[in-house]
Novice: 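Shown below is the structure under consideration.
All values below come from the heavy atoms of this structure, side chains included, with hydrogens, waters and symmetry mates left out. Each residue takes its place number in the sequence, starting with 1.
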Amino acid sequence: MMTAPRAHDGDVSWVASVVDRGADALLRLQRRDGGWEGECVWCPMLTAQYVMTAHAIGLTISPTRRSRILLHFRTTQHESGLWGLHPKDDGSLFVTTLVYVAARLLGAAPDEAWLRPTRDWFARQGGVQAIPTWGKVWLAVLGLYGWNGIHPILPEAWLLSPRLPIHPAHFYCHTRSIYMGLAVLYGERATARPHPTRDALRDELYLGHYDRIDFAAHANDVRAEDAPFRPTRALRAVYAVSHAFEKLRLVTVRRRAVARLRDRLRAGLRSSDFLGLSPVNGLLTILALWFEDPQDAHLEKAIARLESWFWEDDREGSRVAGAGSICWDTAFALQALSPLASGPGEASTRRAASFLASQQIEHPRFDFEAAYRIDPTGGWCFSEVGHGWPVSDCTAEALVSILDTHPDELGREGAARAARFILRCQNQDGGFGSYEPRKTAVPLEWMNPSEMFGACMTERSYVECTASCLLALRAVQARYPDLLQVRLDATLESGRRFLTRAQNADGAWTGAWGVHFVYGTMFGVRGLLAAGVPHDDERIRKACGWLLAHQRSDGAWGEHHSSARLRQHVSQAEGSPVQTAWALMALVDAREPNRRALLRAGRFLERTQRQSGEWPDGELVGVFFETALLNYRYYPLYFPVMAVSRLHAYLTQHERSESNDARNRPPYGLRASA
């Protein structure tokens, strides 16, 4: 068994045992190529859209996959017969409708026991007319909703000058990519060929009244529980102008706009190794191209690459993941194992560092300026290198993990490329965006048409991205002091100012990509320390005070996902190993002197660790656009190991300091507390 370094077997020997078991569990899951990847679990919406796309384009789904997709639908169904936007969502008309339609297209009969409660619920709703707009589009493509009941998604908007602040090129990359596909489908009123199941579904979804429904009257009709982000008055005015524009019927302009968008969609496929930015974007692109030319040369490759999004097993069936996460997972797994890098785990950590180094984008493979993107050179993606969409914090965490373990695998030039990409992601306020910097200073959230998702219209500065980027730039500065020295000094200072402004009055930070204040506070502390703020600074101590105030009696932290929507901390019923690890890392990095609180957190992680060395799976601690909760399967593997490993180093040094009456500097840049 590979063992973490131990100073002695005294009071903290149990901590080392937890680290040992956790490290062994991680090492068992390392892939042959050196990486790690856990499933990024969202909801069955994506799998349903895959089935609907396959039906529309005539793609055959094998009997085995059909049965496994149906298994996935059944295992994710609530007792009420509904499906939610995430497992803790009571039920979404959007997801439930799409899953029901997909199940029927796969051959499930409407009177099967597991679908009867769903149909009864549709009846109580009076039909599915109040499905959110994205659902209206998917139904319209299959001939299950009238295109006249959808507010215009104008392809012509892309013909406007990009200098206009409201041009779609300034939207957040996921939003603009999705709306390219939606605009093509809406612009041509793309509708699949009639099918016997279509007529049956019309009866089932609309209680036999489909032919009598005035769909135009339902354009604004969206179920309240499905639409936390209702259209603003200004957006309704935009809709009115768009409807008026539609009446002009400028056929030539429409054709030119749609043709240009299709060219952009093709370019997007080529630049992402035919994956697309996301599964939704990829599926919409396939539909948009297929309705023009089923023989389009891009389609075969794009359809084949859909397999990259799939996870499959006998327990949960076949499903489409929310994202690929191999670079993200590998970076954190390598950080968790970094204490082994110069010892018994050297071979494994070197393979991981070598794999990560191979995933850096060395040069652009497309005209990024024409695609309204920044130069991707030097970046790492959330997913594999071929995905082509590097992210600031994915780049930062990959860079930190390599520099901390085997910097020779990347080298000076690789580190310089990464640092330059990170710098390109910085906003004027000193914070960092995710895929790119914010493109317009004009607020655009007022025109959010998604209804289901928030903060999705533009890039902004994120606490998490900023902290990761500052930590990486500090690591580059430490390894290569003469590299970009002036720029890095200025960036670290402006990042420090952003994090200082972003800290809440109670000492916490608000997260964006995790639940929620605990996640944000871990990164806030991490970022300020990286920017040179001393451990005894009031901002750091205030953050630690907030964390300690929310520690549970069992030593854990457990924050409910509703904190993100309510804008205040809400406790959940049970402690969370992942959130406990986040809080513990922040406290240890900040040299928290409350040793008892640290030990209680460590003991909680010891109690909840399985004999296999892993921690329980199923925690929904990831967040996407405020409402979509995600389960990153490997978060319970590497974050607790990272936290307990740091705790072990800190406690060991603390005891050494007491016995030697000295103040030696332990690992992770920490010094022993008084």
Side-chain angles (χ1 to χ4, degrees), residues 2 4 22-40 272-273 275 305 307-311 321 323-365 376-419 421-422 468-469 471-472 475-476 479 613-614 632-639 641-642 645:
M2 293 185 177
D24 281 351
L26 263 180
L27 290 169
R28 287 195 300 271
L29 291 169
Q30 187 175 23
R31 297 167 23 144
R32 290 184 178 180
D33 60 12
W36 284 265
E37 184 173 22
E39 183 181 358
C40 178
S272 64
D273 198 18
L275 274 171
R305 289 293 273 153
E307 293 299 312
S308 299
W309 302 112
F310 263 94
W311 289 76
S325 59
I326 189 166
C327 285
W328 183 250
D329 285 334
T330 302
F332 281 119
L334 182 53
Q335 289 179 44
L337 296 171
S338 62
L340 305 177
S342 58
E346 196 275 340
S348 294
T349 57
R350 182 168 290 280
R351 280 198 301 124
S354 176
F355 169 78
L356 269 184
S358 74
Q359 297 298 298
Q360 187 184 39
I361 297 174
E362 295 187 357
H363 53 79
R365 298 177 300 167
T377 301
W380 273 268
C381 304
F382 197 73
S383 182
E384 62 188 79
V385 61
H387 183 233
W389 282 90
V391 192
S392 66
D393 57 349
C394 297
T395 301
E397 298 296 348
L399 182 56
V400 166
S401 67
I402 296 174
L403 293 182
D404 193 40
T405 55
H406 304 286
D408 55 302
E409 293 290 342
L410 185 63
R412 176 188 172 91
E413 183 52 40
R417 284 196 302 265
F421 174 78
I422 290 171
S468 294
C469 290
L471 189 66
V476 170
R479 174 67 57 176
E614 303 173 8
Y632 293 99
R633 297 263 191 193
Y634 277 13
Y635 274 19
L637 286 170
Y638 46 70
F639 279 125
V641 174
M642 290 170 68
S645 181

Novice: What pair of heavy atoms forms the shortest contact from Arg351 to Arg32, and how long is it?
Specialist: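 Taking Arg351 first and Arg32 second, the nearest heavy atoms are NH1-O, 3.2 Å.
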
Novice: Counting N and O atoms only, with roles assigned by atom type, does the side chain of Ser383 sit under 3.5 Å from a partner on the main chain of Ser325, one being a donor and the other an acceptor?
Specialist: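 No: the side chain of Ser383 does not pair with the backbone of Ser325.
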
Novice: Atom CG of Asp329 and atom CZ of Arg31: how far apart are they, to the nearest 0.5 Å?
Specialist: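 Answer rounded to 0.5 Å: 10.0 Å.
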
Novice: Please report the interatomic distance CD(Glu37) to OH(Tyr634), rounded to the nearest 0.5 Å.
Specialist: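 It is 8.5 Å, given to the nearest 0.5 Å.
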
Novice: Going by the angle between their ring planes, with limits at 30° and 60°, are Tyr632 and Tyr635 parallel, tilted or perpendicular?
Specialist: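 Rings of Tyr632 and Tyr635: parallel, under 30°.
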
Novice: Does the Arg365 side chain pair with the main chain of Gly386, one donor and one acceptor, at a distance under 3.5 Å?
Specialist: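 Yes, because the side chain of Arg365 sits within donor-acceptor range (under 3.5 Å) of the backbone of Gly386.
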
Novice: For Thr405 and Ser338, work out which heavy atoms get closest and say how close.
Specialist: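 Closest approach of Thr405 to Ser338: CG2-CB, 3.7 Å.
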
Novice: Take Leu399 and Phe421 through the test side chain to side chain contact (heavy atoms under 4.5 Å, CB included) and record every step on the way to the result.
Specialist: CA-CA 11 Å; Leu399 182 56; Phe421 174 78; over 6 Å; no

Novice: Can you name the nearest heavy-atom pair linking Thr377 to Pro364, along with the distance?
Specialist: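 In this case the closest contact between Thr377 and Pro364 is OG1-CD, 3.0 Å.
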
Novice: Assess whether side chain to side chain contact (heavy atoms under 4.5 Å, CB included) is satisfied between Trp389 and Leu275, documenting all intermediate values.
Specialist: CA-CA 10 Å; Trp389 282 90; Leu275 274 171; over 6 Å; no

Novice: Report the distance from atom CD of Glu413 to atom CD of Gln360, rounding to the nearest 0.5 Å.
Specialist: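 These two atoms lie 9.0 Å from each other.
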
Novice: For Thr330 and Trp36, indicate whether the former's side chain and the latter's backbone hold a donor-acceptor pair under 3.5 Å.
Specialist: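 Checking the backbone N and O of Trp36 against the side chain of Thr330, a donor-acceptor pair under 3.5 Å is found.
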
Novice: Taking the side chain as every heavy atom from C-beta outward, state whether Ser645 and Leu337 have any atom pair closer than 4.5 Å.
Specialist: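 The answer is no, as the side chains (C-beta and beyond) never meet within the 4.5 Å cut-off.
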
Novice: Between the side chain of Gln359 and the main-chain N/O of Glu384, is any donor-acceptor distance below 3.5 Å?
Specialist: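 No.
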
Novice: Please report the interatomic distance CG(Leu356) to CG(Asp33), rounded to the nearest 0.5 Å.
Specialist: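 The CG atom of Asp33 is 10.0 Å from CG of Leu356, to the nearest 0.5 Å.
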
Novice: Can you tell if the side chain of Pro376 reaches within under 4.5 Å of the side chain of Pro390, non-hydrogen atoms only?
Specialist: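 When only atoms from C-beta onward are counted, Pro390 and Pro376 do touch, with a gap below 4.5 Å.
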
Novice: Which heavy atom in Trp309 sits nearest to a heavy atom in Ala323, and how many Å separate them?
Specialist: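 It is CZ3-CA, 3.8 Å.
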
Novice: Should Asp408 and Arg350 be marked as a side chain to side chain contact (heavy atoms under 4.5 Å, CB included) after you check the CA-CA gap, both sets of side-chain angles, and the distance that decides it?
Specialist: CA-CA 10 Å; Asp408 55 302; Arg350 182 168 290 280; 2.9 Å; yes

Novice: Over all heavy atoms of both residues, which pair between Ser392 and Cys469 is shortest? Give the atoms and the distance, please.
Specialist: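 Reported closest heavy-atom pair: CB-SG, 3.7 Å.
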
Novice: Return the CZ to CE distance between Phe332 and Met642, rounded to the nearest 0.5 Å.
Specialist: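 The CZ atom of Phe332 sits 6.0 Å away from the CE atom of Met642.
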
Novice: Please name the pair of heavy atoms, one in Ala472 and one in Val400, separated by the smallest distance, quoted to 0.1 Å.
Specialist: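 That would be CA-CG2, 3.6 Å.
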
Novice: Can you check whether Glu397's main-chain N or O pairs, donor with acceptor, with Gln335's side chain at less than 3.5 Å?
Specialist: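 Here the side-chain-to-backbone pair exists.
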
Novice: For a side-chain hydrogen bond (donor to acceptor under 3.5 Å, both in side chains) with Thr349, tell me which candidate from Gln30, His406, Glu409 qualifies.
Specialist: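 Result: among Gln30, His406, Glu409, His406 is the only option passing the side-chain hydrogen bond (donor to acceptor under 3.5 Å, both in side chains) with Thr349.
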
Novice: Would you say Leu334 and Tyr638 make side-chain contact, with heavy atoms under 4.5 Å?
Specialist: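 No. Closest side-chain heavy atoms not under 4.5 Å.
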
Novice: Say you draw a straight line from OG of Ser358 to CG of Leu410; how long is it, rounded to the nearest 0.5 Å?
Specialist: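 Here the rounded value is 11.0 Å.
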
